[in-house]
Amino acid sequence: MITILIAEDEQIEYRYLRDMFLKHPGMYRVLDNALTGRDAVDMAFKYRPDVVIMDISMPVCNGLEASLIIKEKLPDTIIMLNTAYAEFEFARKAVEYHLDAYLLKPSSEEEIFRTLEGCLRKRQSTASSPMEADGGPDMCEKDCIEPVAEYIMEHLAEDLSLRTLSEQVHFSPSYLSHLFHEKRGMTIRHFINQKRIEYSVQLLRHSDKNIKEIASACGFSNISHFNRVFKLHTGKTPVELRKENRDI
C-alpha cells in the first residue's frame with residue numbers, strides 16, 4: 001500500500017485530494033494533512049511516507065523549502081509539488097531539488113494518478129538500477145523541457161500526444177503545455193508539426209519515397225492533413241517542393 005502525506009492549507013483542495021485517494025483503499029492510504037511547511041517536514045520525518053503532495057504556498061515554511069529539507073533526509077520519498085503558480089522558476093527549482101513531479105492546480109484525478117504512477121515506476125527502476133535510472137547530475141542541469149523536445153524529434157513517426165509527452169518528465173499535461181509555450185514561444189503541437197515538416201522536406205529532397213510514405217514516416221496518418229500542414233509551414237505543397245528540387 002502506498003502511503004500519502006498531503007501538505008495543503010486550503011481545505012477544499014485537501015479534501016479533493018484526500019477523497020480521491022480514499023476511492024482506492026486497497027492501494028493508497030492517506031496519513032495526515034500538514035497545514036504548514038514546518039508541519040510537513042515534521043510529519044514526513046515521523047511517518048516516512050512513500051509520497052508527499054506538497055503545496056508551494058504554505059505558511060511558516062514554503063513548500064519548496066520544506067521539500068528540500070525532506071529530500072535531504074528522505075531521498076526515496078516521492079515529492080509532487082501541487083500549486084496554482086504556473087511559473088518556470090518553480091519548475092526549475094523542482095529539478096534542482098531533485099523533486100519528482102510538478103502539478104498545476106486544478107489537476108484532474110486522471111492527471112494526478114498518471115503522474116504519480118510514473119513517479120512510482122521511476123522509483124522502482126531507480127531501486128533496481130540506480131546509476132542508469134538517475135541519469136547523473138547533468139540531467140538535473142538541463143532545461144526541464146529539453147527531454148520533451150528531444151523525445152519529439154526522436155519519435156516523429158509516432159503518436160505524440162500531450163499525455164505521452166508529459167509522462168517523459170512527470171509533469172501534468174496542463175503544466176507541461178503551459179511551460180513549453182513559455183520557454184519555446186510556441187505550442188507543443190506547433191513544435192511537433194514544425195519538426196515533422198522539416199523532416200519531410202529532407203525526405204522530399206533526398207529520398208525516393210512517395211508522398212504517402214513520407215507523410216507516414218513523419219507521423220501523418222492522413223495525407224490531406226499532411227498537405228495542409230506542409231503548405232502552412234512552407235507555403236508550398238509537397239508535390240511543388242519536390243518538383244522544384246528536381247528542376248534544379
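In what follows, every heavy atom counts, from backbone to side chain, and hydrogens, waters and symmetry copies are set aside. Nothing fancy with the numbering, it's 1 onward along the sequence.
Under the 3.5 Å distance criterion, the side-chain polar atoms of Thr164 are left unmatched by any main-chain donor or acceptor of Leu160. For Glu10 (side chain) and Ile12 (main-chain N/O), no donor-acceptor pair under 3.5 Å exists by modelled atom type. Remark: the backbone N or O of Leu204 is paired with a side-chain donor or acceptor of Arg242 at under 3.5 angstrom. Put simply, the side chain of Arg38 never gets that close to the backbone of Val60: no donor and acceptor are under 3.5 Å apart. Judged purely by atom type and a 3.5 angstrom limit, Tyr16 uses its side chain to pair as donor or acceptor with the backbone of Glu109. No side-chain donor-acceptor contact under 3.5 Å links Ser107 to the backbone of Leu103. Side chain of Ser166 to backbone of Leu162: a donor-acceptor contact under 3.5 angstrom is found.
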Side chains of residues 72-79: which donor-acceptor partners sit under 3.5 Å, not counting sequence neighbours?
from: Thr77; atom 1: OG1; to: Pro49; atom 2: O; distance (Å): 3.3

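For the pair Phe230 and Lys236, the tightest heavy-atom approach, listed with the atom from each and the gap, is CD2-O, 3.1 Å. A pairwise comparison of heavy atoms in Met1 and Pro25 identifies CE-O, 3.1 Å as the closest pair. The nearest pair of heavy atoms linking Ile188 to Ser177 is CD1-CA, 4.2 Å. When all heavy atoms of Tyr199 and Ala217 are compared, the pair lying nearest together is CE2-O, 3.9 Å. The shortest non-hydrogen separation linking Ala157 to Ser216 is CB-O, 4.1 Å. The minimum heavy-atom distance linking Ser207 with Leu203 is given by the pair OG-O, 2.6 Å.
With a 4.5 Å cut-off on side-chain heavy atoms, Ile4 and Asp50 do not count as touching. Looking at Glu167 and Thr115, their side chains never come closer than 4.5 Å, going by heavy atoms from C-beta outward. Here the side chains of Cys119 and Lys122 are not in contact, with every heavy-atom distance at 4.5 Å or above. With a 4.5 Å cut-off on side-chain heavy atoms, Ile214 and Phe226 count as touching. Between Glu8 and Asn33 the shortest side-chain heavy-atom distance falls below 4.5 Å. In this structure, Met54 and Ser67 have side chains that are in contact, with non-hydrogen atoms separated by less than 4.5 Å. Between Ile6 and Val30, some side-chain heavy-atom pair lies under the 4.5 Å cut-off. With contacts defined as side-chain heavy-atom distances shorter than 4.5 Å, the pair Glu158/Tyr151 qualifies.
The neighbour count for Arg29 CZ, taken as heavy atoms of other residues, nucleotides or ligands under 6.0 Å away, does not exceed 12. In the displayed structure, Arg189 atom CZ is contacted under 6.0 Å by more than 12 heavy atoms of other residues, nucleotides or ligands.
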If you apply the rule side-chain contact (heavy atoms from CB on, under 4.5 Å), what do you find for Thr83 with Tyr102, and how did you get there? CA-CA 8 Å; Thr83 180; Tyr102 193 107; 3.2 Å; yes

Can you check side-chain contact (heavy atoms from CB on, under 4.5 Å) on Val229 and Phe220, steps first, answer last? CA-CA 10 Å; Val229 175; Phe220 293 94; 4.1 Å; yes

Is there a side-chain contact (heavy atoms from CB on, under 4.5 Å) between Ile197 and Thr234 once you walk through the steps? CA-CA 8 Å; Ile197 296 305; Thr234 67; 3.7 Å; yes

Passes side-chain contact (heavy atoms from CB on, under 4.5 Å), Phe191 versus Ile152? Steps please. CA-CA 9 Å; Phe191 180 80; Ile152 288 170; 3.7 Å; yes

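The CE atom of Met186 sits 11.0 Å away from the CG atom of Asn193 when rounded to the nearest 0.5 Å. Here the CG atom belonging to Leu176 is positioned 8.0 Å from the CD1 atom belonging to Ile145, to the nearest 0.5 angstrom. To the nearest 0.5 Å, atoms CG (Asn62) and OG (Ser57) are separated by 8.0 Å. The CG atom of Leu17 sits 11.5 Å away from the CZ atom of Arg15 when rounded to the nearest 0.5 Å. Residue Arg114 holds its CZ atom at 6.5 Å from OG of Ser108, rounded to the nearest 0.5 Å. Separation of atoms OG1 (Thr3) and CG (Asp32) is listed at 12.0 Å; rounding is to 0.5 Å.
Using a 4.0 Å cut-off between a side-chain N of Lys or Arg and a carboxylate O of Asp or Glu, Glu110 and Arg163 qualify as a salt bridge. One finds no salt bridge joining Arg18 and Glu13 here, because no Lys/Arg side-chain nitrogen approaches an Asp/Glu carboxylate oxygen to under 4.0 Å. By the 4.0 Å N-to-carboxylate-O rule, Lys23 lies too far from Asp19 to be salt-bridged with it. Look at Lys195 and Glu154 and you find no salt bridge, because none of the NZ, NE, NH1 or NH2 atoms lies under 4.0 Å from a carboxylate O. Salt bridge status for Asp55 with Lys105: present, with a side-chain N to carboxylate O gap under 4.0 Å.
In this structure, the ring of His181 has its center no less than 6.0 angstrom from the ring center of His190.
If you chain together hydrophobic residues whose side chains sit under 4.5 Å apart, Ile53 and Met58 never meet in one group. A continuous path of ILVMFWY side-chain contacts below 4.5 Å connects Phe45 to Met43, so both sit in one hydrophobic cluster. Taken together through direct or relayed side-chain contacts under 4.5 Å among Ile, Leu, Val, Met, Phe, Trp and Tyr, Leu64 and Leu104 form part of one hydrophobic cluster. Hydrophobic clustering keeps Ile2 apart from Ile70 (ILVMFWY residues linked when any side-chain heavy atoms are closer than 4.5 Å, directly or through intermediates). Ile192 and Val148 fall within the same hydrophobic cluster, where Ile, Leu, Val, Met, Phe, Trp and Tyr residues are linked whenever their side-chain heavy atoms come under 4.5 Å apart, directly or through other members.
Side chain to side chain, Asp39 and Thr36 meet the donor-acceptor criterion of an N or O pair below 3.5 Å. No hydrogens or angles considered: nothing links the side chains of Thr237 and Asn227 as a donor-acceptor pair under 3.5 Å.
Partners of Phe21 under the ring pair (Phe, Tyr, Trp, His ring centres under 6.0 Å) rule, at least two apart in sequence or in another chain, are Tyr28, Phe113.
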